[in-house]
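On a predicted model such as this, the values are computed, not experimentally measured, just so you know. Heavy-atom basis, side chains included; hydrogens, waters and symmetry copies ignored. Order of the sequence lines fixes the chain letters, A, B, ..., with proteins taken first and strands second; residue numbering starts at 1 for each chain.
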Amino acid sequence: MDRKVALGVCFTFGLIMFAQYFSRHPLASQVNQAVLAYWQIIFAFALVVGIVSFARNSINDIKRKKERPYRLISLAGMTAMPLLAVIWGIRADSPFMWMFENVQAPLQSTVFALLAFFVASASFRGFRAKSWPAIILLSSATIILLSRSAVGGVISEYLPAVADWIRNNPSMAARRAILIGIGLGSLTTSLRVVLGIERTWLGGGKG
Amino acid sequence: MKLEQRHWVFLGLFILITLVMLIKVRPDISVSNQTRKMYAYIDSLPSGSILLISFDHEASSLPEIRPLAQAVLSHAFEKGHRLIGMALFAEGTAIGYRMMQDVAAQYGRNPGTDFVYLGFKPQFIAAILAMGESFEQTFPEDYLGNPYRSHELLTTVSNYDDIAAMISIADGSLTTHWIEYAGSRYNLTVLGAVTAAMVTTYDPYLASGQMTCMVGGLRGAAEYESLLGIEGGGSRGMLAQTASHLYIILLVVIGNVIYFRSRRGSK
């Protein structure tokens, strides 16, 4: 019975949201607004579930002495930031913003910057011209890399044009194919969910 | 600790970038058609046009995003456009607010009349769709908690119909949602200022006309700065980017030479 109610709600709202997309009637706009407001509330609950799950896993790991320092830092961060925000707010000169700008932002930038080192190492160890497809990939990557640097136009006046051709033809063809595939996949999955064929979001099975 | 091959590669890159950053040389770069198009579009809008700027990025991509955003904001403020700032990523909120304040101050623009910062809205698809119906209902207050109607600029803005164009400053796929929901459904003109890694993702949208124009990566920022005649983070970082690209190409060549020599030796 519970499942039938959930499937019914899913089907009804799926149909309503699909239909209102094509309407400019004020009622459609009101329905859209109301559903979007509920959507935000539902996601807020999902966030609570995520926080509780993360806290439970971290505490369990701390008890088991597994990655204890990392877990403690994660928990401290997850507790401190909301507390700072609740007590002093999130305005420009608040402690929350100080933490964000001086701790979180540099940490994230550092982790992202590490990618450059891994790319350098990977290009040395893994990028081999073993076959014709690999040679084509290697040549394309070199041309694109040079074109995005300051020396591209200096090496040859044709190099930026060749790079643009690679982007606008083979690269775009592949990207379009991927996008169309994603679109069709999303459409199919959405239809399956709305029509109640796909039930894994209910925990799977029939009923 | 014994240094392995990869550690030498890391060390080489670190030393190279450090040295290059110390050299104050600004390489001359040619401006791509894509950047020219973006510049021309913002330039062609009548002064006072209202642009929506969405800071759809995280803190991790700041070295690339900041020069891009600053160049685009500088151009918009210089042209006298009025800007509404917002963020669909929580992390972009504070960064966007600071950037908008700083650039606006450089051009003597006033909050409330020349620009407003609405702040962050969670659930990007819901937020984009909701703004198509009503900005005020989506953001009853601005970032600082002032009521929506307290800003002179916002009194004339109800929804996307009152916006000349939106610029998504993004390091991920959020611009896609602006194109798919605000662009397709509400006919909003979508422009992009995106990281280099995301450029090819948006090429199909650019070619199909779903996205009007785009400026991408640190190179795009440097090109935009050269069009504006200013020196910013883009032109400052170009030499480091060029050096790191050449270093990677050199590593690929060395790696392949070693590979083919070892293969010949084994035969």
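For A:S123 (side chain) and B:L251 (main-chain N/O), no donor-acceptor pair under 3.5 Å exists by modelled atom type. Using modelled atom types, no side-chain atom of B:E91 and backbone atom of A:F100 make a donor-acceptor pair closer than 3.5 Å. Side-chain atoms of A:S149 do not come within 3.5 Å of backbone N or O of B:M238 as any donor-acceptor pair. A donor-acceptor contact shorter than 3.5 Å is absent between the side chain of A:N32 and the backbone of B:L129.
By number of non-hydrogen pairs under 4.5 angstrom with chain A, the leading residue of B:Q241, B:Q5, B:R219 is B:R219. Interface check for chain B: of the options A:I178, A:L107, A:L138, the most heavy-atom pairs under 4.5 Å are formed by A:L138. Ranked by heavy-atom pairs under 4.5 Å with chain A, the list B:I29, B:N256, B:V9 is led by B:N256. Heavy-atom pairs under 4.5 Å with chain B peak, among A:F43, A:F22, A:F118, at A:F43. Of the listed residues (B:P27, B:A130, B:P63), the greatest number of heavy-atom pairs within a distance under 4.5 Å of chain A belongs to B:A130. Contact count versus chain B (heavy atoms, under 4.5 Å) is highest, among A:A105, A:S171, A:A129, for A:A129.
With a 4.5 Å cut-off on non-hydrogen atoms, B:S244 does not touch chain A at all. Only the backbone of B:E180 comes within less than 4.5 Å of a heavy atom in chain A; its side chain stays farther off. The part of A:L179 that comes within reach of chain B is its side chain, from C-beta onward, which places non-hydrogen atoms under 4.5 angstrom from that chain. If you measure heavy-atom distances from B:Y186 to chain A, the contacts under 4.5 Å come from both the backbone and the side chain. The contact between B:D28 and chain A is made entirely by backbone atoms, counting heavy-atom distances below 4.5 Å. Of the atoms belonging to B:P122, heavy atoms from both backbone and side chain fall under 4.5 Å from chain A. Looking at A:A116, the atoms closer than 4.5 Å to chain B (heavy atoms on both sides) sit in the backbone and in the side chain alike.
Atom CZ of A:R128 is separated from atom CZ of B:F260 by 9.0 Å, given to the nearest 0.5 angstrom. We find the OG-CD distance between A:S109 and B:E64 to be 11.5 Å, quoted to the nearest 0.5 Å. Atom-to-atom distance recorded for A:E101:CD and B:L62:CG is 9.5 Å, nearest 0.5 angstrom.
Between B:Y143 and A:M97, the closest heavy-atom pair is OH-SD, 4.1 Å. Heavy-atom minimum distance, B:A126 versus A:W39: CB-CE3, 3.6 Å. Considering all non-hydrogen atoms of both residues, A:R148 and B:G220 come closest at NH2-N, 3.8 Å. The heavy-atom pair separating A:R176 from B:S208 by the smallest distance is NH2-N, 4.2 Å.
By the 6.0 Å contact criterion, CZ on B:F14 is open, its count of non-hydrogen atoms from other residues, nucleotides or ligands being 12 or less. Summarising the local packing, OH of A:Y21 is surrounded by more than 12 heavy atoms from other residues, nucleotides or ligands at distances under 6.0 Å. B:M21 CE: 12 or fewer foreign heavy atoms inside a 6.0 Å radius. Atom OH of B:Y259 sits in a crowded spot, with more than 12 heavy atoms from other residues, nucleotides or ligands closer than 6.0 Å.
Annotation: side chain to side chain contact (heavy atoms under 4.5 Å, CB included) contacts of B:I258 (sequence neighbours excluded): A:F124, B:I254.
For the side-chain contact (heavy atoms from CB on, under 4.5 Å) with A:L145, the qualifying choice from B:V252, B:I248, B:L246 is B:I248, the only one to do so.
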Side chain to side chain contact (heavy atoms under 4.5 Å, CB included), that's the test. Do B:Q34 and A:R167 meet it? Break it down for me. CA-CA 12 Å; B:Q34 220 169 57; A:R167 270 182 54 197; 3.1 Å; yes
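Side-chain atoms of B:T201 and A:R175, non-hydrogen and from C-beta on, do get closer than 4.5 Å to each other. Residues A:V111 and B:S60 fail the side-chain proximity criterion, which asks for heavy atoms closer than 4.5 Å.
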